[in-house]
Number of protein chains: 4
Amino acid sequence: MKMRTNRQLKALETKNRLIDAALRTFSRKGFSQSTTKDIAKEAGVTDGLIYHYFQSKEDLLWAILDKYTLLHSLQEVLNKMDNQASLEHNLTVYFHSLFRSLHEQQDLIVMCFGEAQHNSDVRKRLEGVIRQGVELLHAYLAPRVRVATHDLLIAIRNIQTAMVLYFLMTDRFADNETDRNKYIETSVRQFLKVLQ
Amino acid sequence: MKMRTNRQLKALETKNRLIDAALRTFSRKGFSQSTTKDIAKEAGVTDGLIYHYFQSKEDLLWAILDKYTLLHSLQEVLNKMDNQASLEHNLTVYFHSLFRSLHEQQDLIVMCFGEAQHNSDVRKRLEGVIRQGVELLHAYLAPRVRVATHDLLIAIRNIQTAMVLYFLMTDRFADNETDRNKYIETSVRQFLKVLQ
Amino acid sequence: MKMRTNRQLKALETKNRLIDAALRTFSRKGFSQSTTKDIAKEAGVTDGLIYHYFQSKEDLLWAILDKYTLLHSLQEVLNKMDNQASLEHNLTVYFHSLFRSLHEQQDLIVMCFGEAQHNSDVRKRLEGVIRQGVELLHAYLAPRVRVATHDLLIAIRNIQTAMVLYFLMTDRFADNETDRNKYIETSVRQFLKVLQ
Amino acid sequence: MKMRTNRQLKALETKNRLIDAALRTFSRKGFSQSTTKDIAKEAGVTDGLIYHYFQSKEDLLWAILDKYTLLHSLQEVLNKMDNQASLEHNLTVYFHSLFRSLHEQQDLIVMCFGEAQHNSDVRKRLEGVIRQGVELLHAYLAPRVRVATHDLLIAIRNIQTAMVLYFLMTDRFADNETDRNKYIETSVRQFLKVLQ
DNA sequence: GATGAATGAGTATTCATTCAT
DNA sequence: TATGAATGAATACTCATTCAT
């Protein structure tokens with residue numbers, strides 16, 4: 001019984017190692033330029049094993065998307081917000097954790113943006129995440145500002161997508177955090193103007 | 001002499017047909033999933049001819065980027081702006097033409113965003129276009145609003161990248177223009193608040 | 001353990017079959033006119049398998065050269081020479097085994113001579129074999145004849161290269177062994193005159 | 001009429017330029033690795049023109065073999081031999097001009113040896129040349145030495161093929177002429193022993 | 001569960017050859 | 001005579017996938 005469980009655990013670990021290896025590889029090279037050999041090597045297993053755990057290379061893609069979710073940590077950040085603090089302070093904290101989150105899941109983000117352009121399944125998934133991200137912040141802001149729902153949604157969507165693109169094109173290649181701090185500070189200030 | 005020119009013209013036309021076919025194919029399937037056979041078929045020529053005009057498949061990518069430029073039409077729109085009209089009106093006109101421009105060059109945009117994630121050459125190119133787009137609108141707005149340069153640049157960057165992402169993820173799949181009109185109207189209104 | 005070894009043995013056998021098939025094909029058609037498809041077919045495997053065992057078609061060429069060596073059997077013949085017998089007899093025996101050796105490794109010889117003309121790596125290899133062949137016979141003859149080293153080396157080189165060329169151009173297409181016997185007998189007689 | 005002739009002359013010149021370019025290219029890369037594009041470029045004409053003068057790439061090979069012959073100059077050398085001089089001197093002169101001849105027609109020789117291994121037409125041609133070369137020297141030597149015909153033929157064949165191979169493998173890559181001079185001197189001395 | 005040998009369809013690229021101009 | 005655009009079959013090599021062990 002114990003051995004059985006042990007074995008199952010080891011199997012699960014191998015499966016996870018494969019998913020993570022696939023994510024890293026897809027992120028680096030893009031889905032179709034990543035070979036199953038690449039992934040197996042990255043995971044430290046032999047070629048054929050992928051097909052013991054997954055039906056196909058594409059199946060690995062779905063497994064990645066099922067395993068990871070971008071928004072958990074952000075929800076937690078919002079839950080722990082200090083209601084005594086100013087909105088400006090809290091939004092700054094929130095966007096900083098958004099950037100942290102993006103950094104931690106850089107591979108996933110990069111892969112999703114790359115694939116979304118010509119893979120409608122990935123795109124729908126990405127759309128869902130964006131919508132949920134908007135709803136998350138909306139749920140927090142709605143009771144705290146006097147802005148019409150429709151306007152608020154668009155404002156949130158715009159600031160967040162702009163930030164994601166800033167991350168993708170600039171921030172992730174930058175060494176220093178000064179630029180990011182300035183960027184967030186300015187963006188928050190401007191966002192507050194919109195919320196007035 | 002005339003015959004010579006005629007033949008050369010026809011050759012140039014074929015070359016252009018190949019570039020356009022490649023753009024459409026890359027946009028639809030992504031660069032690495034597009035086969036040279038696909039491209040040749042799309043252009044209505046045989047496989048080998050690609051290599052009469054281009055050194056490699058990647059060479060076709062550069063030829064596309066060399067041929068097309070996103071920002072010409074936007075510059076013209078800004079040049080023709082009515083200085084008597086309100087800023088709100090002019091910005092609305094400008095962003096509408098941005099969307100029109102994105103639609104016209106949809107294939108190019110989609111391809112660039114898809115490739116930029118794991119092709120640093122394409123990414124640098126895309127960065128350049130984004131920067132130039134920001135400078136374009138900045139040159140127009142700087143003398144008309146009282147906002148510190150750094151702030152203005154970030155505001156412009158944010159609104160424009162948000163719009164491009166809205167185009168990529170939503171607008172280009174939508175049938176009706178109502179959503180877009182509303183989106184632009186709201187975004188412009190919020191952008192004006194930032195500029196105050 | 002045994003099963004593992006069995007499988008590995010089978011794999012090694014396949015690899016060797018590929019090397020031999022490549023040798024036969026290169027010899028028949030020349031390196032660059034031999035297709036990987038030809039080789040795979042000759043080996044009785046599918047196209048792709050070549051690249052499981054070898055990095056490239058050229059890699060197969062090196063594998064051939066690594067596997068085969070022309071001179072082993074000749075060394076053995078020299079070792080077993082009867083010191084009681086006359087030099088003429090022993091040389092005749094030696095040259096006969098040279099021809100036998102050339103016949104046995106006909107494919108390799110033909111391929112090497114064909115490729116050496118425009119592949120400097122192969123040429124260097126062939127030069128090495130020729131030099132070693134000269135040294136082999138020199139080591140045997142030096143203590144047995146009174147000829148200056150330099151002269152002896154040239155005499156050996158000349159007789160042996162002449163024989164190889166006779167093999168390549170004439171002998172390998174001939175049916176009867178009479179011509180060869182006469183050729184060897186005459187050549188040995190003339191070689192002995194040189195050694196006096 | 002004159003213009004016609006002029007044009008014909010120019011055409012002949014172009015054809016010859018193509019043959020020479022093909023010889024150089026075949027010699028450098030081997031027949032099948034030489035492309036018609038290579039040859040056209042080397043000749044300074046456009047791709048298609050080859051097929052105005054020749055039926056195929058192989059046709060160019062035959063044109064080369066038809067145009068060039070190795071033995072003319074050697075015949076002349078033999079004709080001009082000084083009958084007062086010693087045999088050793090005359091043979092030395094002869095073999096020196098053999099090497100000069102080989103050098104002058106290096107491209108042709110290299111190409112023929114490379115192709116002969118897997119192209120029986122070329123091989124037959126090469127055999128013919130070797131046989132004629134043997135007969136040439138035999139005609140000169142027969143009345144001057146007392147050796148049985150069969151023996152003399154083999155002696156001549158051996159020394160000459162050995163020299164050709166020495167040229168192919170060593171001499172043509174050497175800078176200094178000292179080695180060659182020594183080689184010829186020694187070989188002649190040994191050859192004279194055979195002729196005794 | 002894990003290995004890696006084997007498959008075979010697919011892919012970028014090459015190249016001899018043709019032909020309209 | 002000369003050009004070079006166009007063809008299309010061929011080729012080295014890749015890679016997702018299967019499967020016997």
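Pairs passing the salt bridge (charged side-chain N to carboxylate O under 4.0 Å, His left out) check and including a residue from residues 49-64 of chain A, sequence neighbours excluded, do not occur. Screening residues 8-31 of chain B for salt bridge (charged side-chain N to carboxylate O under 4.0 Å, His left out), with sequence neighbours left out, gives B:Glu13-B:Arg17, B:Asp20-B:Lys67, B:Arg24-B:Glu42, B:Arg28-B:Glu42, B:Lys29-B:Asp38. Pairs passing the salt bridge (charged side-chain N to carboxylate O under 4.0 Å, His left out) check and including a residue from residues 107-122 of chain B, sequence neighbours excluded, do not occur.
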Watson-Crick and G-U pairing of DNA chain E written in dot-bracket, each distance under 3.5 angstrom, with | for inter-strand partners: .||||||||||||||||||||
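When rounded to the nearest whole Å, the span between CG of A:Leu60 and P of F:dA16 equals 11 Å. Distance, D:Phe54 CZ to E:dT17 P: 13 Å, rounded to whole Å. Between the CD atom of C:Glu58 and the C1' atom of F:dT11 there is a distance of 16 Å, given to the nearest Å.
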Nucleotide-resolved protein contact map, nucleotides 5-11 of chain E, B/S/- at heavy-atom distance under 4.0 Å: BBBB--S
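At a non-hydrogen distance threshold of 4.0 Å, nothing from residues 22-31 of chain A comes into contact with DNA chain E.
Taking C:Phe26 as the reference, C:Phe31 meet the ring-ring contact (aromatic ring centres under 6.0 Å, His included) condition, with sequence neighbours excluded. With sequence neighbours left out, A:Thr36 forms a side-chain hydrogen bond (donor to acceptor under 3.5 Å, both in side chains) with no residue at all. Under the side-chain hydrogen bond (donor to acceptor under 3.5 Å, both in side chains) criterion, A:Thr14 pairs with no residue at all, not counting sequence neighbours. Not a single salt bridge (charged side-chain N to carboxylate O under 4.0 Å, His left out) links D:Arg123 to another residue, sequence neighbours left out. Applying the side chain to side chain contact (heavy atoms under 4.5 Å, CB included) test to B:Val110 and every residue at least two apart in sequence or in another chain returns A:Gln117, B:Ser27, B:Gln106, B:Leu168, B:Arg172. A:Asp47 pairs by the salt bridge (charged side-chain N to carboxylate O under 4.0 Å, His left out) definition with A:Lys37, not counting sequence neighbours.
A donor-acceptor pair under 3.5 Å is absent between the side-chain atoms of D:Ser32 and the main chain of C:Ser32, judged by distance alone.
Between D:Tyr51 and E:dT18 there is no side-chain polar atom (N or O) within less than 4.0 angstrom of OP1 or OP2.
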